[in-house]
Amino acid sequence: MRGPRSDRTTQTIITGHAFVQNLRRGHYELATDVPPGLRVAAAFTELARAI
């Protein structure tokens with residue numbers, strides 16, 4: 001059976017999923033001027049520029 005092998009892996013997946021859901025819902029000031037369908041892609045572009 002395949003799947004996460006540790007609690008840390010599971011926690012990382014859960015945290016990432018929650019982050020993306022919050023981005024989609026507009027809870028962060030990232031990509032607020034972009035339509036909801038494109039918000040995640042625009043937010044990751046902004047984050048990449050910041051790094």
Side-chain angles (χ1 to χ4, degrees):
M1 183 171 167
R2 295 183 179 186
R5 301 212 184 268
S6 69
D7 288 336
R8 186 173 180 171
T9 302
T10 305
Q11 184 61 40
T12 302
I13 292 168
I14 291 168
T15 303
H17 182 264
F19 177 68
V20 170
Q21 289 298 317
N22 287 337
L23 276 176
R24 291 182 68 214
R25 293 178 182 139
H27 293 293
Y28 300 113
E29 293 183 16
L30 292 169
T32 55
D33 57 336
V34 180
L38 302 173
R39 194 171 287 157
V40 173
F44 275 101
T45 302
E46 286 184 35
L47 288 171
R49 283 189 214 140
I51 295 173

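The heavy-atom pair separating Thr32 from Arg39 by the smallest distance is O-NH2, 4.4 Å. The two residues Ala43 and Ala31 make their nearest non-hydrogen contact at N-CB, 3.8 Å.
Both Phe44 and Tyr28 are part of a single hydrophobic cluster, where members link through side-chain heavy atoms under 4.5 Å apart.
Atom CG of Leu30 sits about 11.5 Å away from atom CG of Asn22, to the nearest 0.5 Å. We find the CG-CZ distance between Leu47 and Phe19 to be 5.0 Å, quoted to the nearest 0.5 Å.
Within 6.0 Å of atom NE2 in His17, 12 or fewer heavy atoms from other residues, nucleotides or ligands are found, so the atom counts as exposed in its surroundings.
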